[in-house]
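To keep things clear, I will list the structure first and then write my remarks on it.
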Amino acid sequence: MPEVTMGQALNEGLRYCLREDDRVLIFGEDVGKLGGVFRITDKLQAEFGEERVFDTPLAESGILGISIGLALAGWKPVPEMQFDAFSYPALDQVISHVAKYRFRSRGAAPIPLVMRIPVGGGIGAAEHHSESPEVYYAHTAGLKVVIPSTPMDAFNLLVRSIRDPDPVIFLEPKSRYWSKESGDLEPNGLPLGKARVSREGTHGSLIAWGGMVNRCLETAQAASEDGVELEVVDLRTLVPLDLDAIAATARKTGRVVVVHEAPLTVGFGAEVVARVVEDSFEYLEAPVLRVAGWDLPYPPATIEEHYLPSVDRILAAVDRVLSY
């Protein structure tokens, strides 16, 4: 089977959907002739034309306004926000309109758009280019929030998101764009709303999403050298959240550590911890811990390794739950 990067898998996912459905439109800043900052839309304009893959002005609120109008007119827009924090000028429209139109219209006016956002750190970029905004979208009722961690899953989840009748916030971890995986690019993997056990374990559980899934796998490998077998669960979709998978791993191991890049306070990890405690408290052998970014604006690139959760920081949390 061919080996592809996550960036290539996403590119193929967009190509697949453009071929499958004439209503799919892709647009954003530099996505046309340039193919996007990360080349996720590379060569798509040349193949499908400027009417279906096109550049927009540097105005994120305008990009989302266009998307809403196109969706209401029967198209399936897939707008790109060039970087994570660049999506904030469009946040008002996402919260006030994209998330609410279906409910406001009693189902008569759905908004089947997919807003793609490169997210997270690990690429040597500064603030406004390395944010983790998932909690803003996950907290907004009416949206689905998806974040892959592997190339095959990126393809599968993107195709499923574009096919979905609801608005989807599709978060792409930048640190994983160049990760490679072999497999067939087919939309036949797990559906939205289903987590995956990326590594089986018995002594404790690491729950993560996006770029931190691979960091947890590295941690599990390091722990195994000392005889500690950690289970790694990739949530894949934050909304809807796979509560059964979270409960299953918590009840299996009795010790849980949640890992994410965003700042600790009111991060999405707090929701995961709450669900573990609510659904599986009697199975726990130790408090549920979180390892996250610090409660600070994203730092300069030269010191981002001190901000992002490291293998050592995660192992320290694992030691705490194992020794409780």
Side-chain angles (χ1 to χ4, degrees), residues 6 10 81 84-85 87-88 90-91 94-95 98-99 111 113-121 130-150 153-154 156-176 189-198 205-216 232-250 256-280 288 290-293 308-309:
M6 179 183 281
L10 290 167
M81 301 289 108
D84 28 50
S87 69
Y88 297 154
L91 195 57
V94 174
I95 294 172
V98 173
I111 304 289
L113 66 80
V114 176
M115 185 167 76
R116 293 180 42 246
I117 311 176
V119 298
S130 299
E131 310 264 326
S132 297
E134 66 266 24
V135 72
Y136 301 130
Y137 299 106
H139 184 69
T140 303
L143 303 174
K144 292 179 179 176
V145 182
V146 177
I147 180 165
S149 69
T150 69
D153 223 20
N156 172 54
L157 287 172
L158 181 57
V159 173
R160 288 179 180 272
S161 295
I162 294 174
R163 288 175 174 175
D164 200 274
D166 291 316
V168 177
I169 308 301
F170 194 87
L171 307 176
E172 301 170 6
K174 297 188 289 290
S175 64
R176 302 300 294 159
L190 291 171
L192 302 183
K194 290 295 182 182
R196 171 187 288 110
V197 176
S198 299
S205 301
L206 302 177
I207 300 177
W209 51 92
M212 285 296 104
V213 173
N214 189 66
R215 187 62 51 83
C216 288
V232 177
V233 177
D234 177 0
L235 291 184
R236 301 175 67 250
T237 307
L238 304 186
V239 182
L241 184 60
D242 191 345
L243 300 179
D244 290 339
I246 292 172
T249 194
V256 178
V257 176
V258 183
V259 183
H260 61 76
E261 291 188 40
L264 180 73
T265 302
V266 199
F268 192 77
E271 176 66 23
V272 178
V273 172
R275 297 292 187 162
V276 171
V277 173
E278 289 174 6
D279 298 338
S280 307
V288 185
R290 292 170 292 164
V291 181
L308 296 172

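The model shown is predicted, which means the values in this text are computed figures rather than measured ones.
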### Query
Is there side-chain contact between Pro309 and Met212, with heavy atoms separated by less than 4.5 Å?
yes
### Leu171 side, atom CG; Leu238 side, atom CG - distance, nearest 0.5 Å
7.0 Å
### Task
Just say parallel, tilted or perpendicular for the rings of Trp209 and Phe268, cut-offs at 30° and 60°.
perpendicular
### Query
When rounded to the nearest 0.5 angstrom, what distance separates OG in Ser161 from CE in Met115?
12.5 Å
### Task
Quick one: closest heavy-atom pair of Ser132 and Gly120, and the distance?
OG-CA, 4.0 Å
#### Entry: Nearest-0.5 Å distance that lies between atom CG in Leu158 and atom CG in Asp153
11.0 Å
### Task
Give a yes or no on whether the backbone of Leu190 and the side-chain of Asn156 come within a donor-acceptor separation of less than 3.5 Å.
yes
### Query
With a 4.5 Å heavy-atom cut-off, do Val146 and Leu192 have their side chains touching?
yes
### Query
What's the shortest heavy-atom distance between Val233 and Ala195, and which atoms?
CG1-CB, 4.1 Å
### Shortest non-hydrogen contact between Ile117 and Ile169, atoms and distance
CD1-CG2, 3.9 Å
#### Entry: Any donor-acceptor pair under 3.5 Å from Arg275 side chain to Ile246 backbone
no
### Summary
Between the CZ atom in Arg176 and the NZ atom in Lys174, the distance rounded to the nearest 0.5 Å is 14.0 Å
### Task
Please report the shortest heavy-atom distance between Pro173 and Pro148, naming the atom on each side.
CG-O, 3.2 Å
### Task
Could you walk me through whether Leu143 and Val239 pass the side-chain contact (heavy atoms from CB on, under 4.5 Å) test, one step at a time?
CA-CA 7 Å; Leu143 303 174; Val239 182; over 6 Å; no
### Message
Any heavy-atom pair between the side chains of His260 and Val272 that's under 4.5 Å?
### Response
no
#### Entry: Distance-only polar pair, side chains of Ser87 and Tyr137, donor-acceptor under 3.5 Å
yes
### Query
Between Thr237 and Pro240, is there a donor-acceptor pair closer than 3.5 Å when you use the side chain of the first and the backbone of the second?
no
### Query
Does any non-hydrogen side-chain atom of Arg290 lie less than 4.5 Å from one of Leu264?
yes
### Query
What distance do Asp242 atom CG and Lys194 atom NZ have between them, rounded to the nearest 0.5 Å?
5.0 Å
## Note on the structure
Closest non-hydrogen contact found for Val276 with Ala250 is CG1-CB, 3.9 Å
### Task
Please assess Phe170 against Leu10 for the test side-chain contact (heavy atoms from CB on, under 4.5 Å), listing each intermediate value before the final yes or no.
CA-CA 11 Å; Phe170 194 87; Leu10 290 167; 3.7 Å; yes
### Query
When you measure from the side chain of Glu261 to the backbone N and O of Gly121, does any donor-acceptor pair fall under 3.5 Å?
yes
### Query
Are any non-hydrogen side-chain atoms of Pro133 and Val119 less than 4.5 angstrom apart?
yes
### Query
Is a side-chain donor or acceptor of Arg236 paired with a backbone partner of Leu157 at a separation under 3.5 angstrom?
no
#### Entry: 4.5 Å side-chain heavy-atom contact, Arg160 and Pro191
yes
### Task
Examine distances only and state if a side-chain atom of Asn214 and a backbone atom of Ser149 form a donor-acceptor pair shorter than 3.5 Å.
no
### Query
Any donor-acceptor pair under 3.5 Å linking the side chain of Ser205 with the backbone of Thr249?
yes
### Message
Would you compute the distance between atom CD of Glu278 and atom CG of Leu243 and round it to the nearest 0.5 angstrom?
### Response
9.0 Å
### Task
Measure across Leu206 and Cys216 and return the closest heavy-atom pair with its distance rounded to 0.1 Å.
CD1-O, 3.6 Å
